[in-house]
Amino acid sequence: MSESIIELMLSRMSLAEISSSARLHSIDYALTASKKICDTYGDIYYLPFAFASLKALGYSGDFDFAKDYLENLNTQNFDLIHLSSYCRAARLAGFKHSKRIGNFEAHTPYELFVKIGAMQDCQEAFAAEELSQKLSLRKLPSGGYSNVYGSKFAGANATSAAIVAEIFLTGKSDFLTQKFLMSLQDKSGGFLAQIDSPYPDLLSTATALFALWFAGGSAKYSSKDFVYAHSVNDGSFSASVFDASGDVEYLFYALLALGSQYE
């Protein structure tokens with residue numbers, strides 16, 4: 001497959017249906033958040049969400065303001081997630097580096113999804129058969145996947161990550177897995193994190209919609225109104241309708257959810 005995970009995500013995010021004024025407001029929010037992270041040497045985890053959102057929203061500026069931060073940030077003790085965040089932010093900003101991901105262990109569907117994406121960002125080759133075998137260990141009889149070893153309950157995020165990873169590793173996805181994921185959507189359009197979750201959330205909805213689109217499937221209900229209900233006045237989006245504030249991570253997920261159901 002020629003396109004990487006982040007390239008596919010950006011292709012969908014750029015299709016998100018939001019008004020021109022909301023788009024400009026969100027660009028301002030994401031740009032301000034990006035510069036704050038770089039100026040204060042804040043958490044690298046959030047920077048690729050901000051950069052990807054800016055690109056998807058049509059930001060026409062550069063990312064030169066991140067150069068000093070990316071050059072001088074101490075990554076020596078980073079775990080898989082944070083070093084992957086560094087590699088993703090660097091790729092989006094067009095910043096060259098020599099970081100490598102291949103030696104990190106990955107066992108859960110989420111970790112495997114992150115590792116595959118980061119290795120693509122670093123232009124590293126990955127051992128598809130080995131990673132596929134690890135992924136299969138987390139599959140449950142329902143077709144769903146869990147990030148918790150030995151758990152009897154599959155989740156939306158683990159299953160979504162598994163679908164995307166499986167397609168990159170084997171070129172196909174099990175329909176039973178897609179069917180399980182579709183069963184987590186309720187009539188609001190949102191997806192539950194697990195079948196017994198009290199209410200749907202934006203993260204589960206975005207990852208599920210992207211995975212279903214990538215696998216060639218579709219959701220039963222439109223999620224647009226559900227996503228719009230999470231918008232915050234500052235240009236961000238919140239994790240759930242019960243949260244009063246948002247951040248760049250959930251702006252990213254809102255764009256991904258809206259773009260993944262664009263027809």
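These values consider heavy atoms only, across backbone and side chains, with no hydrogens, waters or symmetry-generated copies.
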Open item on the list: I'd like to know if the side chain of Ser173 and the backbone of Ile167 have a donor-acceptor N/O pair within less than 3.5 Å.
Closed with: no
Task: Minimal non-hydrogen separation, Ile101 against Cys122, with atom names - done: CG1-SG, 4.2 Å
Task: Least distance between heavy atoms, Leu251 atom then Gly235 atom - done: CD1-O, 3.9 Å
Task: Flag, side chain of Ser26 to backbone of Arg23, donor-acceptor distance under 3.5 Å - done: no
- [ ] Go through the structure and list residues passing side chain to side chain contact (heavy atoms under 4.5 Å, CB included) with Ser245, not counting sequence neighbours.
- [x] none
TODO: Provide the full list of side chain to side chain donor-acceptor pair (under 3.5 Å) pairs with a residue in residues 27-39, sequence neighbours left out, each pair given once.
DONE: none
TODO: Quick one: list whatever passes ring-ring contact (aromatic ring centres under 6.0 Å, His included) with Tyr149, sequence neighbours left out.
DONE: none
Open item on the list: If the condition is side chain to side chain donor-acceptor pair (under 3.5 Å), which residues does Ser236 pass it with, not counting sequence neighbours?
Closed with: Asp234
Task: Considering all heavy atoms, the nearest Ala118-Arg88 contact - done: N-NH2, 4.3 Å
Task: Atom pair CG (Leu92) and CG (Leu47), whose distance is rounded to the nearest 0.5 Å - done: 8.5 Å
Open item on the list: According to side chain to side chain contact (heavy atoms under 4.5 Å, CB included), who are the partners of Gln76, at least two apart in sequence or on a separate chain?
Closed with: Asn74
TODO: Report the distance from atom CG of Leu112 to atom CG of Leu80, rounding to the nearest 0.5 Å.
DONE: 9.0 Å
TODO: Check the hydrophobic clustering (I, L, V, M, F, W, Y; side-chain heavy atoms under 4.5 Å; chains of links allowed) and say if Met119 and Phe104 are grouped together.
DONE: yes
- [ ] Tell me whether Phe153 is reachable from Leu181 by hopping between hydrophobic residues (I, L, V, M, F, W, Y) whose side-chain heavy atoms are closer than 4.5 Å.
- [x] no
- [ ] Under the side-chain contact (heavy atoms from CB on, under 4.5 Å) rule, what do Leu255 and Ile18 come out as? Steps first, then yes or no, please.
- [x] CA-CA 9 Å; Leu255 296 173; Ile18 59 175; 4.2 Å; yes
Open item on the list: Aromatic contact between Phe252 and Phe49, with the criterion being ring centroids under 6.0 Å apart: yes or no?
Closed with: yes
Open item on the list: Hydrophobic clusters here meaning ILVMFWY residues chained together by side-chain heavy-atom distances under 4.5 Å, can you tell me if Tyr199 and Phe237 are in one?
Closed with: no
Task: Separation between CG of Asp43 and CD1 of Ile37, rounded to the nearest 0.5 Å - done: 7.5 Å
Task: Ile116 side chain reached by Leu169 side chain, heavy atoms, under 4.5 Å - done: yes
Task: Main-chain N/O of Gly190 paired with Gln185 side-chain donor or acceptor, under 3.5 Å - done: no
- [ ] Could you tell me whether the side chain of Glu17 reaches within less than 4.5 Å of the side chain of Lys224, counting heavy atoms only?
- [x] yes
Open item on the list: Using 0.5 Å steps for rounding, measure from the OG atom of Ser14 to the CG atom of Leu258.
Closed with: 12.0 Å
Open item on the list: What verdict does the side-chain contact (heavy atoms from CB on, under 4.5 Å) test give for Leu140 and Tyr145, after you've listed the backbone C-alpha separation in whole Å, the side-chain angles of each residue and the deciding distance to 0.1 Å?
Closed with: CA-CA 6 Å; Leu140 301 179; Tyr145 286 75; over 6 Å; no
TODO: Search all heavy atoms of Ile27 against all heavy atoms of Gly58 and return the closest pair with its distance.
DONE: CD1-C, 4.4 Å
- [ ] Give a yes or no on whether the backbone of Arg100 and the side-chain of Glu124 come within a donor-acceptor separation of less than 3.5 Å.
- [x] no
Open item on the list: Take a 6.0 Å sphere around OH of Tyr228 and say whether it holds more than 12 heavy atoms from other residues, nucleotides or ligands.
Closed with: yes
Open item on the list: Quick test of your reading: applying salt bridge (Lys or Arg N to Asp or Glu O under 4.0 Å), list the pairs with at least one residue in residues 160-179, sequence neighbours left out, ordered by first then second residue.
Closed with: Lys139-Asp174
Would you tabulate the side-chain donor-acceptor contacts of residues 126-137 under 3.5 Å, counting partners in other chains and residues two or more places apart, or write 'none'?
residue : atom : partner : partner atom : Å
Lys134  : NZ   : Glu105  : OE1          : 3.4
Ser136  : OG   : Gln133  : O            : 2.6

Task: Test of ring centre spacing under 6.0 Å for Phe51 and Phe63 - done: yes
Open item on the list: Are Met182 and Ile163 linked, directly or through intermediate hydrophobic residues, by side-chain heavy-atom contacts shorter than 4.5 Å (ILVMFWY only)?
Closed with: yes
Open item on the list: Test of understanding: clusters of I, L, V, M, F, W, Y form through side-chain heavy atoms closer than 4.5 Å, transitively. Do Tyr45 and Leu54 belong to the same one?
Closed with: yes
Task: Side-chain heavy atoms of Ser238 within contact of Leu202, under 4.5 Å - done: no
Task: Thr75 and Phe78, any side-chain heavy atoms less than 4.5 Å apart - done: yes
Task: CZ (Phe65) with more than 12 external heavy atoms under 6.0 Å - done: yes
- [ ] Quick one: list whatever passes ring-ring contact (aromatic ring centres under 6.0 Å, His included) with His107, sequence neighbours left out.
- [x] none
Please list every donor-acceptor pair under 3.5 Å in which a side-chain atom of residues 204-218 meets a protein atom from a residue at least two apart or in another chain.
residue : atom : partner : partner atom : Å
Ser204  : OG   : Asp201  : OD1          : 3.1
Ser204  : OG   : Asp201  : OD2          : 2.8
Thr205  : OG1  : Phe191  : N            : 2.9
Thr205  : OG1  : Asp201  : O            : 2.7
Thr207  : OG1  : Asn157  : OD1          : 3.0
Thr207  : OG1  : Leu203  : O            : 3.0
Thr207  : OG1  : Ser204  : O            : 3.2

Task: Listed partners of Tyr110 passing ring-ring contact (aromatic ring centres under 6.0 Å, His included), at least two apart - done: none
- [ ] Would you name the heavy atoms of Ala93 and Leu70 that are closest together and state the gap between them?
- [x] CB-CD1, 4.3 Å
Task: Residue pairs involving residues 48-70 (criterion side chain to side chain donor-acceptor pair (under 3.5 Å); sequence neighbours excluded) - done: Lys67-Glu71
TODO: Would you indicate whether the side-chain heavy atoms of Ser84 and Lys115 approach each other to under 4.5 Å?
DONE: no
Open item on the list: Using ring centroids (six-membered ring only for Trp), state whether Tyr221 and Phe226 fall under 6.0 Å.
Closed with: no
- [ ] Please answer whether the main-chain N or O of Ile5 pairs with a side-chain N or O of Gln120 as donor and acceptor at a distance below 3.5 Å.
- [x] yes
TODO: Taking the side chain as every heavy atom from C-beta outward, state whether Tyr250 and His230 have any atom pair closer than 4.5 Å.
DONE: no
- [ ] Rounded to the nearest 0.5 Å, what's the gap from OG on Ser19 to NE2 on His25? Could you check?
- [x] 10.0 Å
TODO: For residues Tyr86 and His97, establish whether the separation of their ring centroids is below 6.0 Å.
DONE: yes
Open item on the list: Could you check whether Phe113 and Phe168 have their ring centres less than 6.0 Å apart?
Closed with: no
Open item on the list: With a 3.5 Å distance limit and no angle check, can you tell me whether Arg138 reaches the backbone of Pro109 through a side-chain donor-acceptor pair?
Closed with: no
Task: Exercise: identify the closest heavy-atom pair between Val227 and Ala257 - done: CG2-CB, 3.7 Å
TODO: Mind checking the NZ-OG spacing from Lys152 to Ser146? Nearest 0.5 Å is all I need.
DONE: 12.5 Å
Open item on the list: Test: salt bridge (Lys or Arg N to Asp or Glu O under 4.0 Å). Region: residues 89-99. Which pairs qualify, not counting sequence neighbours?
Closed with: Glu7-Arg91, Arg91-Asp121
